Amino acid sequence: MLDSKLIRTNPETVAAALNKRGYTLDVARIKALEEERKAIQIKTENLQNERNTRSKNIGKAKQAGEDVAPLMQAVEQIKHELAAAEIELTKVQEAFDVLLNSVPNIPATDVPEGKSEDDNVEVRRWGMPRSFHFPIIDHVDLGASFGGLDFDTGTKITSSRFAVLRGGVARLHRALAQFMLDTHINEHGYEEVNVPFVVNAESLYGTGQLPKFEEDLFKLTDERGLYLIPTAEVPVTNIYRNEIVENAQLPIKMVCHSPCFRSEAGSYGRDTRGLIRQHQFEKVELVQFVRPEESDEALEELVGHAEAILQKLGLPHRTVILCGGDIGFSSAKTYDIEVWVPSQNKYREISSCSSFRDFQARRMMARYRNPETGKPELLHTLNGSGLAIGRTLLAVLENYQLDDGNVTIPEVLRPYMGGQDALLPVKK
RNA sequence: GGAAGGGUGGCAGAGUGGUUUAAUGCACCGGUCUUGAAAACCGGCGUAGGUUUAUAGCCUACCCAGGGUUCAAAUCCCUGCCCUUCCGCCA
């Protein structure tokens with residue numbers, strides 16, 4: 001959520017900044033609502049003042065033993081006027097809130113112009129894709145050859161876009177999660193957290209998935225109105241909803257391994273083969289709460305933490321900065337990290353790292369006490385995948401395949417694999 | 001799942017319809033005193049919104065949340081959430 005004061009007093013400036021996203025702000029409507037709001041709010045508060053004063057006088061008169069009937073008579077009219085004014089005020093405020101909630105974050109000044117993902121700008125590249133002197137087998141067939149990647153059974157027990165992992169592949173998947181967690185905890189200074197995988201609507205509102213993107217979520221049908229998490233970002237970031245943290249606690253850096261559930265509405269027919277796009281996947285998520293002046297630097301560091309995982313795994317990747325037309329609703333600036341996928345002969349997204357500045361914090365009222373002013377001020381929030389585990393598994397299988405059908409296990413994972421150095425095909 | 005009791009400022013805790021502008025204590029901040037500190041004393045001490053050039057003043061709202069009753073609600077009523085204790089069940 002943007003600062004309502006800013007958008008009300010300077011709608012043209014905000015509109016200009018949002019142009020980079022290709023978002024058109026309805027300036028005329030904002031101005032009209034604001035004018036209306038101002039008049040009604042002043043009227044309402046004056047009436048409240050009048051009523052409060054008179055009610056107090058009634059109390060005093062009663063104590064003094066005077067006849068209060070005429071005083072009560074006089075306040076009757078105010079009561080009705082006030083009730084009407086309050087209804088009107090609520091209506092205007094709700095209309096404004098609906099509008100404000102639908103406005104995306106302002107992109108950072110260094111976010112490149114552009115309409116779609118084709119306009120994203122590569123900022124760096126790491127590693128050289130291998131050249132294969134044998135036909136590349138994709139992860140689906142590789143997984144099947146180990147008897148460890150089974151989409152048909154996932155479909156049977158649940159529906160399409162669910163998978164069953166078994167044996168060495170399942171263990172490799174777990175090894176990746178452990179390796180990522182340990183690296184972020186031991187080398188990057190994150191605190192491990194374990195959180196609920198089911199959240200309420202307030203939390204989803206806080207991080208910006210609601211009210212606009214409900215169709216992407218799995219909603220439980222019981223009367224509590226809960227949802228499965230689409231990312232650990234939601235429960236982890238909401239740890240500090242409605243909290244005021246002390247300056248000395250900052251920066252707060254948390255890492256969380258969780259399943260993610262996405263209904264992927266609107267993506268039917270895309271990436272239907274393999275692990276790229278599933279309804280359930282696991283992810284190690286990095287979340288940071290920082291002082292406002294430190295968030296730009298924190299984003300660069302956070303991207304580096306995610307890239308470090310790929311580098312330790314020896315997986316070629318590149319980092320792109322998303323253009324205005326491609327960044328997410330709540331984000332001010334986003335870097336995507338893309339890993340090399342040999343079977344597709346291209347880089348595919350494996351991490352998305354964003355700074356939300358104060359956009360999420362304002363929705364959540366996540367604040368810290370600024371030692372200079374002594375006042376609570378909004379924090380800045382950031383998060384990024386460090387990394388998506390299913391896609392990393394895919395990348396390891398494909399990039400480390402050998403011509404004999406084996407897959408070498410990257411050295412950093414071997415301690416988590418009981419020392420095993422390769423996955424071998426199952427003999428039929 | 002059953003029964004009972006609760007939810008008030010950073011913390012403790014009073015307040016059961018109108019002199020409440022939420023008492024008091026602790027903590028915290030500033031000051032006086034002191035060589036310095038402690039103690040004592042004096043003052044300050046929430047959040048959000050509005051108005052305004054103003055972080056000055058003034059106004060409004062907020063005592064778990066949402067409704068309601070009333071001229072007037074921390075206080076009365078309804079619903080929900082959460083906590084505590086006991087019983088039952090349970091990995």
Side-chain angles (χ1 to χ4, degrees), chain A residues 1-11 13 30-101 194-206 210 220 222-227 235 238-250 292 358 361-379:
Chain A
M1 189 169 72
L2 294 178
D3 183 2
S4 77
K5 209 173 236 171
L6 178 70
I7 204 169
R8 283 188 284 112
T9 55
N10 261 318
T13 314
I30 288 172
K31 284 184 168 172
L33 277 173
E34 171 63 358
E35 204 168 308
E36 210 181 333
R37 192 223 93 228
K38 208 176 246 188
I40 297 169
Q41 183 159 351
I42 291 169
K43 181 180 168 192
T44 306
E45 289 186 357
N46 284 341
L47 284 167
Q48 285 171 329
N49 186 12
E50 183 78 16
R51 179 206 58 197
N52 291 347
T53 311
R54 286 177 187 254
S55 290
K56 266 174 210 163
N57 288 339
I58 291 172
K60 279 183 196 159
K62 213 167 186 178
Q63 299 271 301
E66 295 165 21
D67 179 16
V68 294
L71 292 172
M72 283 171 64
Q73 188 81 30
V75 85
E76 188 73 13
Q77 178 60 26
I78 293 170
K79 191 189 169 189
H80 294 303
E81 275 185 56
L82 179 59
E86 280 176 343
I87 289 167
E88 247 188 296
L89 181 61
T90 306
K91 257 165 53 185
V92 179
Q93 281 175 336
E94 277 172 0
F96 187 80
D97 285 347
V98 166
L99 193 150
L100 187 63
N101 274 327
N194 188 291
V195 292
F197 303 147
V198 179
V199 293
N200 56 36
E202 288 75 26
S203 293
L204 288 157
Y205 174 83
L210 290 180
L220 304 184
D222 78 345
E223 68 286 350
R224 282 172 289 204
L226 303 175
Y227 299 80
N238 275 280
I239 289 173
Y240 288 99
R241 169 150 55 90
N242 292 325
E243 299 287 336
I244 301 171
V245 305
E246 292 307 322
N247 181 55
Q249 291 176 256
L250 298 172
D358 61 10
R362 185 174 292 106
R363 290 177 160 234
M364 292 195 301
M365 288 300 278
R367 295 172 294 173
Y368 79 112
R369 200 168 290 281
N370 185 334
E372 282 175 33
T373 60
K375 295 286 178 192
E377 293 176 16
L378 293 172
L379 286 160

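Reminder, nothing fancy here: chain letters follow the sequence lines and each chain counts from 1. Only a predicted model underlies this, so the values are computations on that prediction, with no experimental measurement involved.
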Could you identify the nucleotide paired to [N], looking across every strand shown and requiring Watson-Crick or G-U wobble geometry with both distances under 3.5 Å?
N	value
B:U55	none
B:C26	B:G10
B:U21	none
B:G1	B:C87
B:A72	none
B:U60	B:A48

What is the distance from [atom1] of [X] to [atom2] of [N], rounded to the nearest Å?
X	N	atom1	atom2	value
A:Asn242	B:A65	CG	C1'	12 Å
A:Arg369	B:U55	CZ	C1'	15 Å
A:Arg363	B:A48	CZ	P	19 Å
A:Leu378	B:A48	CG	C1'	12 Å
A:Glu243	B:G46	CD	P	20 Å
A:Leu82	B:C59	CG	C1'	14 Å
A:Glu246	B:A27	CD	P	18 Å
A:Arg241	B:A65	CZ	P	14 Å

ring-ring contact (aromatic ring centres under 6.0 Å, His included) involving A:Tyr240 - partner list, sequence neighbours excluded:
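A:Tyr240: ring-ring contact (aromatic ring centres under 6.0 Å, His included) contacts with A:Phe289.
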Take atom [atom1] in [N] and the same atom in [M], then report the distance between them in whole Å.
N	M	atom1	result
B:U85	B:G13	P	16 Å
B:A12	B:A23	C1'	14 Å
B:U20	B:G15	C1'	9 Å
B:U84	B:U32	C1'	46 Å
B:C81	B:C64	C1'	8 Å
B:G5	B:U79	P	15 Å
B:C82	B:G66	C1'	15 Å
B:A48	B:G43	C1'	26 Å

How do A:Pro376 and A:Glu50 order along RNA chain B: which one's closest nucleotide is nearer the 5' end?
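Upstream on the strand: A:Pro376.
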Specify the residue among A:Arg37 and A:Glu76 whose closest nucleotide of RNA chain B lies further upstream toward the 5′ end.
A:Arg37
To the nearest 0.5 Å, how far apart are [atom1] in [X] and [atom2] in [Y]?
X	Y	atom1	atom2	answer
A:Tyr205	A:Asn200	OH	CG	13.5 Å
A:Gln77	A:Leu82	CD	CG	11.5 Å
A:Ile42	A:Leu89	CD1	CG	11.0 Å
A:Phe96	A:Arg37	CZ	CZ	8.0 Å
A:Asn10	A:Ile30	CG	CD1	11.0 Å

B:G46 phosphate, OP1 or OP2: any side-chain N/O from A:Arg367 under 4.0 angstrom?
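So the side-chain polar atoms of A:Arg367 never come under 4.0 Å of the phosphate oxygens OP1 or OP2 of B:G46.
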Does B:C59 have OP1 or OP2 sitting under 4.0 Å from an N or O in the side chain of A:Asn49?
no
Measuring from the side chain of A:Gln48 (C-beta onward, heavy atoms only), which nucleotide among B:A61, B:U70, B:G50 has the closest atom?
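Closest nucleotide to the A:Gln48 side chain: B:A61.
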Given B:G50, B:U47, B:U70, the nucleotide with the shortest approach to the side chain of A:Arg8
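From the listed options, B:G50 comes nearest.
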Give one of base, sugar-phosphate or nothing for A:Lys43, where a contact means two heavy atoms less than 4.0 Å apart.
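Nothing, no nucleic acid heavy atom in range.
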Could you check A:Gln48, A:Gln41, A:Lys43 and say which one makes a side-chain hydrogen bond (donor to acceptor under 3.5 Å, both in side chains) with A:Glu45?
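Among the candidates, only A:Gln41 passes.
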If you go through the side-chain atoms of A:Gln41, does one of them form a donor-acceptor pair with the base of B:G49 closer than 3.5 Å?
no
Where along residues 51-62 of chain A does a heavy atom come under 4.0 Å from RNA chain B, residue by residue in number order?
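The stretch gives A:Arg51, A:Asn52, A:Ser55, A:Lys56, A:Ile58, A:Gly59, A:Lys62 as the residues lying under 4.0 Å from the strand, ordered by number.
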For A:Val199, is there any backbone N or O sitting under 3.5 Å from a side-chain donor or acceptor partner on A:Ser203?
no
Sorted by first residue and then second, give each salt bridge (charged side-chain N to carboxylate O under 4.0 Å, His left out) pair with at least one member in residues 361-370 of chain A; sequence neighbours left out.
A:Asp358-A:Arg362
